[in-house]
Student: 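Below are the structure tokens for one structure; questions will follow.
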There are 2 protein chains.
Amino acid sequence: MTKNLTPMIQSCVMHFGEMGSRWGINRTVGQMYALIVLNKEPLCADDIAEALGFSRSNVSMGIKELLSWELIKLQHLPGERREFYSAPGDVWDIAKTLIEQRRKREIDPTLSTLRNLLIEVPANTEEEYAQQRMREMHELIEMLTLWTSEIQRLDSAKLGKLLKLGSSIGKVLDLKDKLLNR
Amino acid sequence: MTKNLTPMIQSCVMHFGEMGSRWGINRTVGQMYALIVLNKEPLCADDIAEALGFSRSNVSMGIKELLSWELIKLQHLPGERREFYSAPGDVWDIAKTLIEQRRKREIDPTLSTLRNLLIEVPANTEEEYAQQRMREMHELIEMLTLWTSEIQRLDSAKLGKLLKLGSSIGKVLDLKDKLLNR
DNA sequence: CTGTAATTTCAGTAAATACTGAAATTACAG
DNA sequence: CTGTAATTTCAGTATTTACTGAAATTACAG
């Protein structure tokens with residue numbers, strides 16, 4: 001059973017579990033991650049199992065998944081035999097990892113599938129039309145990916161400045177528009 | 001569409017079904033949408049059921065979902081009693097709708113949850129730390145949303161120009177950097 | 001090595017989600 | 001209206017996905 005979680009942290013953990021499950025991430029893994037992120041000190045598997053009331057083996061599988069996404073890192077605490085896990089201290093690093101992993105797992109295979117279908121010779125008018133849409137999709141995804149990768153290059157400090165820009169952020173893009181309209 | 005799917009279209013439909021299911025969208029709904037997008041002419045429910053081998057009722061539910069996401073629109077064809085459905089002709093319109101709907105369904109509730117937790121008074125050091133992370137998350141999400149909404153304002157034509165910019169797209173952001181470093 | 005604590009694996013089960021067919025409802029031509 | 005085609009609903013079932021406990025494996029202190 002859940003032990004030791006304050007209502008505040010509980011709420012946040014539950015919310016991210018819920019959101020995770022809408023994004024193809026197992027609810028319990030989402031909860032585990034929120035817990036780790038919200039905790040200053042690294043947690044061990046038993047801490048997580050106890051705090052969330054999951055079986056030890058479920059936690060083990062969740063950790064394995066989070067490690068495979070590179071969202072947490074393993075560390076050993078002095079004088080502790082057990083393994084501890086923690087999330088990056090900077091939320092922007094977390095977001096960048098998420099974006100990067102999603103790209104590798106979903107975007108790249110999609111682009112590859114589309115490319116393979118685009119080199120085929122259309123057999124009829126319908127395939128010609130379908131290919132045209134695929135071409136547009138491919139271009140769009142490629143472009144959005146390019147943009148995203150540029151933004152990912154920003155470090156937290158730069159991002160902080162951007163943040164301060166606030167609602168005037170549109171100006172950056174207006175500027176770009178001017179660039180485009182030359 | 002009373003005939004079978006060509007391998008090309010079949011592959012694309014299957015791929016997007018697969019991808020959809022990774023993004024919290026039911027596989028069959030993903031397939032249905034790919035089919036509609038790739039087809040020049042609007043399709044009726046029976047077309048879809050036949051092309052994909054789903055039950056008529058499953059198609060009905062899928063259509064309901066796609067309509068609720070505003071990803072397809074209903075239309076009547078002259079001399080046809082049945083209802084037909086089609087996707088926007090412009091893939092960027094589709095992407096914008098997806099982004100917008102995701103924002104409404106997931107981002108906004110998340111921001112709201114975070115805000116509610118942030119106005120609470122932290123009960124101890126741990127909650128203080130947790131709130132700090134929540135604050136950072138809130139700021140980051142808000143900023144990314146702002147950026148996204150600016151980009152969403154672009155129409156297809158502008159996007160086309162951006163596309164032509166290709167890999168030199170980084171320059172737009174370099175420019176922004178200069179702006180920030182003043 | 002040996003013994004024990006920590007972790008992982010995995011077969012079985014529980015839970016959630018998706019899908020179907022039959023029945024109900026709605027839409028509309030005559 | 002009436003009859004029929006089209007669509008939706010929904011209870012039941014199938015499928016997929018998640019979770020657990022027991023057993024196996026690994027890690028390491030002594």
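The model shown is predicted, which means the values in this text are computed figures rather than measured ones. Residue numbering restarts at 1 for every chain, and letters A, B, ... go by the order of the sequence lines.
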Student: Could you give the CZ-to-P distance, from B:Phe54 to D:dT15, as a whole number of Å?
Tutor: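 Rounded to whole Å, this separation is 15 Å.
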Student: Would you check if A:Glu83 and A:Gln75 make a side-chain contact, meaning some heavy-atom pair closer than 4.5 Å?
Tutor: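 No, too far: nothing below the 4.5 Å cut-off.
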Student: Rounded to whole angstrom units, what separation is found between the CG atom of A:Leu43 and the P atom of C:dT7?
Tutor: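 Going from CG in A:Leu43 over to P in C:dT7 covers 13 Å.
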Student: Rounded to the Å, how far apart are A:His76 NE2 and C:dA5 P?
Tutor: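 A:His76 atom NE2 is separated from C:dA5 atom P by 17 Å.
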Student: Should D:dT15 form a Watson-Crick or G-U wobble pair with both distances under 3.5 Å, which nucleotide is its partner?
Tutor: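 Across any shown strand, D:dT15 pairs with C:dA16.
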Student: Is B:Glu18 paired with B:Arg27 through a side-chain N to carboxylate O contact shorter than 4.0 Å?
Tutor: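 A salt bridge links B:Arg27 with B:Glu18.
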Student: So if I take every side-chain heavy atom of B:Lys64 and compare against D:dT20, D:dT7, D:dT9, which nucleotide ends up nearest?
Tutor: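 Out of D:dT20, D:dT7, D:dT9, the nucleotide with an atom closest to B:Lys64's side chain is D:dT9.
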Student: Mapping A:Glu83 and B:Ile25 to their closest nucleotides on DNA chain C, which lands nearer the 5' end?
Tutor: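 Counting from the 5' end, the first nearest nucleotide belongs to A:Glu83.
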Student: Figure out the CZ/C1' separation between B:Arg82 and C:dT26, and round it to whole Å.
Tutor: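 That distance rounds to 17 Å.
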Student: Taking the side chain from A:Asp47 and the backbone from A:Cys44, do they hold a donor-acceptor pair closer than 3.5 Å?
Tutor: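 Yes.
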Student: May I have the distance from B:Leu74 (atom CG) to D:dA6 (atom P), rounded to whole angstrom?
Tutor: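 So the two atoms are 15 Å apart, to the nearest Å.
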Student: Using purine N1 to pyrimidine N3 plus N6-O4 or O6-N4 for Watson-Crick, or N1-O2 and O6-N3 for G-U wobble, both under 3.5 Å, which nucleotide pairs with D:dA29?
Tutor: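 For D:dA29, the partner nucleotide comes out as C:dT2, under the 3.5 Å rule.
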Student: Rounded to whole Å, how long is the line connecting atom CE of B:Met61 with atom P of D:dA11?
Tutor: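 Interatomic distance, CE of B:Met61 to P of D:dA11: 12 Å.
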Student: Please name the nucleotide paired to C:dT9 by Watson-Crick or G-U wobble geometry with both distances under 3.5 Å, or report none.
Tutor: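 D:dA22 is the nucleotide pairing with C:dT9.
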Student: Quick one: A:Ile48 CD1 to D:dT20 C1', roughly how many Å, whole number?
Tutor: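 Distance check: A:Ile48 CD1 to D:dT20 C1' gives 17 Å.
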Student: Would you say D:dT16 has OP1 or OP2 under 4.0 Å from some side-chain N or O of B:Asn26?
Tutor: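 No, B:Asn26 has no side-chain N/O under 4.0 Å of OP1/OP2 on D:dT16.
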Student: Going by modelled atom types, is there a donor-acceptor pair between the base of D:dG21 and the side chain of A:Ser55 at under 3.5 Å?
Tutor: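 Such a pair does not exist between side chain and base.
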Student: Does the Lys NZ or Arg CZ of A:Arg102 fall within the cation-pi geometry relative to A:Trp23 - under 6.0 Å from the ring centre and within 45° of the axis?
Tutor: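 The answer is no, since A:Arg102 fails at least one limit relative to A:Trp23.
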Student: For C:dC19 and B:Ser57 - does any side-chain N or O of the residue sit under 4.0 Å from the phosphate oxygens OP1/OP2?
Tutor: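 No, no such contact exists.
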Student: Would you mind telling me which residue lines up with the more 5' stretch of DNA chain D, A:Arg56 or B:Arg27, judged by nearest nucleotide?
Tutor: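 Here B:Arg27 is the residue nearer the 5' end.
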Student: To the nearest Å, how far apart are A:Glu80 CD and D:dA27 P?
Tutor: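 After rounding, the gap between these two atoms is 17 Å.
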Student: Ignoring hydrogens and geometry beyond distance, is the side chain of A:Arg81 in donor-acceptor contact with the base of C:dT4 at under 3.5 Å?
Tutor: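 When only heavy-atom distances are counted, A:Arg81 does reach the base of C:dT4 through a donor-acceptor pair under 3.5 Å.
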Student: Contact class for A:Asn58 (heavy atom, under 4.0 Å): base, sugar-phosphate, or nothing?
Tutor: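 It contacts base atoms.
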Student: Determine whether A:Leu67 and A:Met61 fall in the same hydrophobic cluster, where Ile, Leu, Val, Met, Phe, Trp and Tyr are linked whenever their side-chain heavy atoms lie under 4.5 Å apart.
Tutor: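 No: no chain of side-chain contacts under 4.5 Å links A:Leu67 to A:Met61.
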Student: Which comes earlier along DNA chain C counting from the 5' end, the contact point of A:Ser21 or that of A:Ser60, where each point is its nearest nucleotide?
Tutor: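 Whichever sits nearer the 5' end wins; that is A:Ser60.
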